[in-house]
Asker: 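Dropping a structure here in structure tokens format, bear with me for questions.
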Amino acid sequence: SLGSYNYDQRDFSNSLIYLKEALRYFDKAGIQEKYLISVFQLIGLSFIQSSYPDSASVFMSKVSNALNEVPSGGGKQKYIQMLEMMAGYYIDIVKYDSARYYALRAKALQSEGIDISISRVPLILGIIDTKTGEFDRARQYLTEAKEGLKIEFGENINLVRKSQIERRFG
């Protein structure tokens, strides 16, 4: 959609315009909210990026409510990504306990063998622990993220990216 395209282009004001228009269309079509989680999340994230966290909270709470139920089958990868985004949202608004809650839920699903990036959740947990002063645990998570990147990209990590990772994670 144009809303997600503008979000990807970091044009958050146009993203909000198109996403809200899409919501009006979906509402007229009678589409249930549970099928609009991605739209709600993009609207919330667009509000955050536009420095309107109070407006974001309305949409992010809808996402949070929808994430109470783990989907079966192929929807788990998208579900994990939504959990990761929620963790990032709560990091942005400095609610680290909530961020940890979503990140640990994502990590638990990953341990079930769901095929998705193995470095992202440990990185999120490492960031949370760094921000909360849990440096020993942060180092463990960041080391896990570094190892995950090695597995995911192997020798295909370009030298600049590899040096950035080494510098950041030691």
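Throughout, residue positions are numbered sequentially from 1 according to the sequence presented.
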Asker: Can we call the ring centroids of Tyr90 and Tyr96 under 6.0 Å apart?
Answerer: no

Asker: Got a second to check how far Arg139's CZ is from Lys146's NZ, nearest 0.5 Å?
Answerer: 8.5 Å

Asker: Report yes if some heavy atom in the side chain of Ser50 is under 4.5 Å from a heavy atom in the side chain of Ile48; otherwise report no.
Answerer: no

Asker: Which residues satisfy the side chain to side chain contact (heavy atoms under 4.5 Å, CB included) test with Ser4, sequence neighbours excluded?
Answerer: Ser1, Leu42

Asker: Are Ile80 and Glu84 close enough, and set up right, to give a side-chain contact (heavy atoms from CB on, under 4.5 Å), and what steps lead you there?
Answerer: CA-CA 6 Å; Ile80 290 172; Glu84 291 170 348; 3.8 Å; yes

Asker: Tell me whether the rings of Phe59 and Phe47 are parallel (<30°), tilted (30 to 60°) or perpendicular (>60°).
Answerer: parallel

Asker: Using the test side-chain hydrogen bond (donor to acceptor under 3.5 Å, both in side chains), find all partners of Tyr5 that sit at least two apart in sequence or belong to another chain.
Answerer: none

Asker: Count I, L, V, M, F, W, Y as connected when their side-chain heavy atoms are under 4.5 Å apart, and connections chain through other members. Are Tyr7 and Ile17 then in the same cluster?
Answerer: no

Asker: Once you round to the nearest 0.5 Å, how far does OG of Ser98 lie from CE of Met60?
Answerer: 11.5 Å

Asker: For residues Phe26 and Glu21, determine if any side-chain heavy atom of one lies less than 4.5 Å from a side-chain heavy atom of the other.
Answerer: no

Asker: How far does OG of Ser55 sit from CD1 of Ile43, to the nearest 0.5 angstrom?
Answerer: 11.0 Å

Asker: When you compare the side chain of Arg105 with that of Met86, does any pair of heavy atoms fall below 4.5 Å?
Answerer: no

Asker: Leu45 and Val58: same hydrophobic cluster, using ILVMFWY side-chain contacts below 4.5 Å?
Answerer: yes

Asker: Let me see the working for Lys107 and Arg120 under side-chain contact (heavy atoms from CB on, under 4.5 Å), right down to the final yes or no.
Answerer: CA-CA 9 Å; Lys107 189 166 180 56; Arg120 212 169 20 239; over 6 Å; no

Asker: Would you mind reporting whether Ser57 and Tyr89 have side-chain heavy atoms less than 4.5 Å apart?
Answerer: yes

Asker: Sequence neighbours excluded and cut-off under 3.5 Å, please list the side-chain donor-acceptor pairs for residues 121-138, or say none.
Answerer:
residue, atom, partner, partner atom, Å
Asp129, OD1, Arg100, NH1, 2.7
Asp129, OD1, Arg100, NH2, 2.8
Asp129, OD1, Arg137, NE, 3.3
Asp129, OD1, Arg137, NH2, 3.1
Asp129, OD2, Arg137, NE, 3.0
Thr130, OG1, Gly126, O, 2.8
Thr132, OG1, Ile128, O, 3.0
Thr132, OG1, Asp129, O, 3.3

Asker: Tell me whether Leu19 is reachable from Tyr25 by hopping between hydrophobic residues (I, L, V, M, F, W, Y) whose side-chain heavy atoms are closer than 4.5 Å.
Answerer: yes

Asker: With a 4.5 Å cut-off on side-chain heavy atoms, are Leu23 and Phe40 touching?
Answerer: yes

Asker: Before giving the answer on side-chain contact (heavy atoms from CB on, under 4.5 Å), spell out for Asn14 and Tyr18 the whole-Å C-alpha distance, their side-chain angles and the decisive distance to 0.1 Å.
Answerer: CA-CA 6 Å; Asn14 276 326; Tyr18 289 115; 4.3 Å; yes

